[in-house]
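Below, each value reflects all heavy atoms present in this structure, side chains not excepted, and no hydrogens, waters or symmetry copies. Starting from 1, each residue takes its place in the sequence as its number.
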Amino acid sequence: MSKPKALVMKPIDNVATATQEIAAGTDIVVSVDGKMINIHVTEKIPFGHKVAIRDIAAGEKIIKYGEAIGAATVDIRPGQHTHVHNLGGLRGRGDLEKENK
């Protein structure tokens with residue numbers, strides 16, 4: 001059995017974390033709560049970066065390790081690199097704190 005190329009830590013996660021660089025066009029399999037999910041990676045995913053494992057709508061929270069780490073700034077398709085180019089942070093955002101008061 002080969003080493004997984006990406007890991008999903010919690011069943012509610014909508015991204016997997018790459019355990020090695022993944023080339024665009026690679027098919028990977030991730031385990032989500034014991035269920036194997038096939039993902040066609042459409043963009044290069046650097047080691048330690050995130051790849052979407054399902055559709056994520058613009059504005060939807062990005063969930064990694066069971067925690068919201070940001071929100072999608074655009075619609076994200078499974079297999080896409082999920083990083084600062086399509087993810088906005090939710091923590092330490094004084095502008096959002098002012099809006100919520």
Side-chain angles (χ1 to χ4, degrees):
M1 182 172 198
S2 64
K3 178 180 169 186
K5 293 183 177 178
L7 296 174
V8 176
M9 301 305 288
K10 300 285 184 178
I12 64 170
D13 292 355
N14 52 19
V15 294
T17 303
T19 59
Q20 57 188 273
E21 183 173 297
I22 304 171
T26 301
D27 292 318
I28 65 172
V29 178
V30 295
S31 175
V32 179
D33 204 23
K35 180 180 176 187
M36 305 310 278
I37 298 176
N38 296 305
I39 305 289
H40 180 73
V41 176
T42 58
E43 302 172 286
K44 175 184 163 186
I45 312 295
F47 167 76
H49 284 222
K50 299 168 292 300
V51 58
I53 61 171
R54 64 172 179 78
D55 286 319
I56 304 170
E60 186 176 344
K61 291 181 179 172
I62 305 295
I63 310 294
K64 178 181 176 182
Y65 305 144
E67 299 288 333
I69 62 167
T73 56
V74 297
D75 291 341
I76 303 171
R77 305 277 305 152
Q80 284 188 302
H81 186 206
T82 306
H83 197 55
V84 295
H85 65 288
N86 57 11
L87 179 162
L90 295 175
R91 297 178 183 164
R93 296 268 314 261
D95 57 329
L96 295 178
E97 292 172 11
K98 289 177 184 175
E99 290 176 10
N100 293 328
K101 287 185 178 180

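Residues Ile76 and Ile62 form a side-chain contact, since some pair of their non-hydrogen atoms from C-beta on lies under 4.5 Å apart. A heavy-atom distance below 4.5 Å is found between the side chains of Ile69 and Leu87. For the pair Arg77 and Thr42, the minimum side-chain heavy-atom distance is 4.5 Å or more. The closest side-chain heavy-atom distance from Thr82 to Lys64 is not below 4.5 Å.
Nearest heavy atoms, Ile53 versus Ile39: O-CD1, 3.5 Å. Closest non-hydrogen pair, Lys61 versus Ile56, comes out as O-CG2, 4.4 Å. Minimum heavy-atom separation, Ala24 to Lys44: CB-N, 3.7 Å. Of all heavy-atom pairs between Val29 and Met36, the closest is CG1-CE, 3.6 Å. When every heavy atom of Ala6 is checked against every heavy atom of Ile22, the shortest pair comes out as CB-CD1, 4.3 Å. Across all their heavy atoms, Gly59 and Ala71 have their closest contact at O-CB, 4.0 Å.
A distance of 10.0 Å separates NZ in Lys50 from CD1 in Ile45, rounded to the nearest 0.5 Å. Note that CD of Glu21 is 9.5 Å distant from OG1 of Thr26, once rounded to the nearest 0.5 Å. Between the OG1 atom in Thr17 and the CZ atom in Phe47 there is a gap of 9.5 Å [rounded to 0.5 Å].
For His83, the ring-ring contact (aromatic ring centres under 6.0 Å, His included) partners are His49, His81, not counting sequence neighbours.
Clustering ILVMFWY residues whenever any of their side-chain heavy atoms sit less than 4.5 angstrom apart, transitively, puts Ile63 in a cluster other than the one holding Met9. Hydrophobic clustering of Ile, Leu, Val, Met, Phe, Trp and Tyr side chains at less than 4.5 Å, counting indirect connections, unites Val41 with Ile37. Hydrophobic clustering (ILVMFWY, side-chain heavy atoms < 4.5 Å, transitive): Ile28 and Val32 are in one cluster.
More than 12 heavy atoms of other residues, nucleotides or ligands shown are found within 6.0 angstrom of CZ on Arg54.
Between the side chain of Asp75 and the backbone N or O of Ala57, no donor-acceptor pair lies under 3.5 Å.
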